[in-house]
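Here the structure comes first, spelled out in structure tokens, and everything after it is commentary.
Residue numbers start at 1 and run along the sequence shown.
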Amino acid sequence: SSAKQVVVSGSYANVRSSAKVNNGAINNLLGKVSGKGSLIGTLISSGKSIEYGDKKTWYRVKLANKLKGRTSGYVRNDTANLK
């Protein structure tokens, strides 16, 4: 079967280099994809956050457009939908 597409569920989705929200001295934000329904990329895998206390699922995505030279990144399931 073909890979599932990962699209923005709200107005934008943050794409990160690891499955955690890190806004401190180390910021793992690669960029954002804006626009409801916009294609982020195709699903590689999904899994739980590696951040303590975060109960969300994260999608590892092969990005449709590279961000900071990276071809894959992570988006949280409350900001993205699978198609």
State, yes or no, whether a side-chain contact exists between S34 and V8 at a heavy-atom distance under 4.5 Å. no
So do R16 and L30 actually touch side chain to side chain, heavy atoms under 4.5 Å? no
Contacts of K66 meeting side-chain contact (heavy atoms from CB on, under 4.5 Å) (sequence neighbours excluded), chain-then-number -> T71
Can you tell whether the side chains of K56 and D54 come within less than 4.0 Å, N to carboxylate O? no
Exceeds 12 heavy-atom contacts within 6.0 angstrom, atom CG of N27: yes
Counting distance only, does the side-chain N/O of T57 pair as donor-acceptor with the main-chain N or O of G47 below 3.5 Å? no
Close side-chain approach of L82 and L43, heavy atoms under 4.5 Å: yes
With a 3.5 Å distance limit and no angle check, can you tell me whether S9 reaches the backbone of T79 through a side-chain donor-acceptor pair? yes
So do V21 and E51 actually touch side chain to side chain, heavy atoms under 4.5 Å? yes
Using a 3.5 Å distance criterion without hydrogens, assess whether the side chain of K68 forms a donor-acceptor pair with backbone atoms of S17. no
Going by heavy atoms in the side chains, are R60 and S46 under 4.5 Å from each other? no
Mind checking whether V61 and L67 sit in one hydrophobic cluster, side chains of I, L, V, M, F, W, Y counted as touching below 4.5 Å? yes
Who are the side-chain contact (heavy atoms from CB on, under 4.5 Å) partners of A80, not counting sequence neighbours? V6, I40, Y59, V75
